[in-house]
2 protein chains.
Amino acid sequence: MTDMPIGEISRRSQVKVPTIRYYEQIGLLPAPPRSEGNRRLYGARDLKRLSFIRHARDLGFEIDAIRTLLTLQDNPAMPCAEADGIARDKLAEVNDRIESLMALKEELEAMVGGCGHNCVGDCRVIEVLANHHKCLHTEH
Amino acid sequence: MTDMPIGEISRRSQVKVPTIRYYEQIGLLPAPPRSEGNRRLYGARDLKRLSFIRHARDLGFEIDAIRTLLTLQDNPAMPCAEADGIARDKLAEVNDRIESLMALKEELEAMVGGCGHNCVGDCRVIEVLANHHKCLHTEH
DNA sequence: ACTTGCTCCTCTAGCGACTAGAGGATGCAA
DNA sequence: TTGCATCCTCTAGTCGCTAGAGGAGCAAGT
């Protein structure tokens, strides 16, 4: 459990070795003690922190947001409005992204469906891209 | 219509001035002729091309894909299977992204909804991030 | 003891698609 | 002529890694 080398914590946390070193470099993960031979030795706390980071990254949180989240986690007596705010902002962003991807999906489906695989001259894909007014959604 | 300076083509195409110069630099947009005073002078063709690029970028196509699409557009006699393929790939990608964003949305909603705005110690947001097994979706 | 092969170290540079800023030239109207 | 907007080139920065060079450490097998 304790004194893992970087390869092991990488396997356990599912975070790649260079990424772990990068997180140390930018101060997201504290620099661990080293072995006699100058190798990083990680403990259970580091694994927890790294898993937290990875999970947050998977959810699309940016490094800066994670930094805030980690500070909050380290100080459990603080009011949690800030953490809640970060999650709320992210949720709004995700909703926006879903919406525009749905519009895009429709547009792509129209392109792909309409193409009879002849030559480029008649291609719906190129045509839609070239003549914007033929789009389903004109706001972009 | 013809001999627009960069600012005007920027306004018309909705592509920012430095981005236009960047596109020229990477060979996506041909280098236009210059005025006596060394200023770029664009014509209607350039505006079309830039609008095409912008539209494709909005739709999430990468620069490399756009490069291919532009080559196809320049050669209307070629078979359009390639353009169709690019659009199909993009559609699959968009569907994937929508799916994972929907999962993410659920997870964020659970975080935000469950939090009673007390102190960090009881915060759902932090807790979910720290304890992965409490997620709605465990595959990530 | 020696070799093999893996993991680890630091360091620098690169990715995509821009964006920002310095420092200067040009164009046009009042 | 003065002032201001627009334009020019060039370099460096953004984000979140990723790749590669060149070398050192470590554990197991012969």
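Keep in mind that what you see is a predicted model, and the values were worked out from it rather than measured. Every chain is numbered from 1, with letters handed out A, B, ... down the list of sequences.
Atom CG in Leu28(B) sits about 13 Å away from atom C1' in dG16(C), given to the nearest Å. If you take OH of Tyr42(B) and P of dT6(D), they are 16 Å apart, rounded to a whole angstrom. Between Gln25(B) atom CD and dT11(D) atom C1' there is a gap of 11 Å when expressed in whole angstrom units. In this structure, Ile26(B) places its CD1 atom 12 Å from P of dC15(C), rounding to the nearest Å. Nucleotide dT7(C) holds its P atom 7 Å from the CZ atom of Arg11(A), rounded to whole Å. Distance, Ile9(A) CD1 to dT7(C) P: 17 Å, rounded to whole Å. When rounded to the nearest whole Å, the span between CG of Asp3(B) and P of dC7(D) equals 14 Å. Computed from coordinates, the Ile20(A) CD1 to dT7(C) P distance equals 14 Å when rounded to whole Å.
Distances shorter than 4.0 Å separate some side-chain N or O of Arg21(B) from OP1 or OP2 on dC8(D). Taking side-chain N and O atoms only, Arg40(B) has a distance below 4.0 Å to OP1 or OP2 of dT9(D).
For Asp96(B), the salt bridge (charged side-chain N to carboxylate O under 4.0 Å, His left out) criterion is met by no residue, not counting sequence neighbours. Qualifying side-chain contact (heavy atoms from CB on, under 4.5 Å) partners for Phe52(A), counting only residues two or more places apart in sequence or in other chains: Leu69(A), Leu70(A), Gln73(A), Ile126(B), Leu129(B), Ala130(B). Judged as a salt bridge (charged side-chain N to carboxylate O under 4.0 Å, His left out), and not counting sequence neighbours, Glu99(A) has no contacts. When the salt bridge (charged side-chain N to carboxylate O under 4.0 Å, His left out) test is applied to Arg67(A), the partners found at least two apart in sequence or on another chain are Asp64(A).
A salt bridge is defined here as a Lys NZ or Arg NE, NH1 or NH2 lying under 4.0 Å from an Asp or Glu carboxylate O, and Lys90(A) with Glu93(A) meets this definition.
Under a hydrophobic-cluster definition in which Ile, Leu, Val, Met, Phe, Trp and Tyr are linked whenever side-chain heavy atoms come within less than 4.5 Å, directly or via other members, Leu41(B) and Tyr23(B) are assigned to different clusters.
Annotation: salt bridge (Lys or Arg N to Asp or Glu O under 4.0 Å) contacts involving residues 35-51 of chain B, sequence neighbours excluded, comprise Glu24(B)-Arg40(B), Arg49(B)-Asp74(B).
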Requested in this report: Spell out protein contact along nucleotides 18-30 of chain C as letters: B when the base is contacted, S when just the sugar-phosphate is, - when no protein heavy atom is under 4.0 Å; keep the 5' to 3' order.
Outcome: BS-----BBS---
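The 5' end of DNA chain D is approached more closely, in terms of each residue's nearest nucleotide, by Ile6(B) than by the other of Ile6(B) and Asp64(A).
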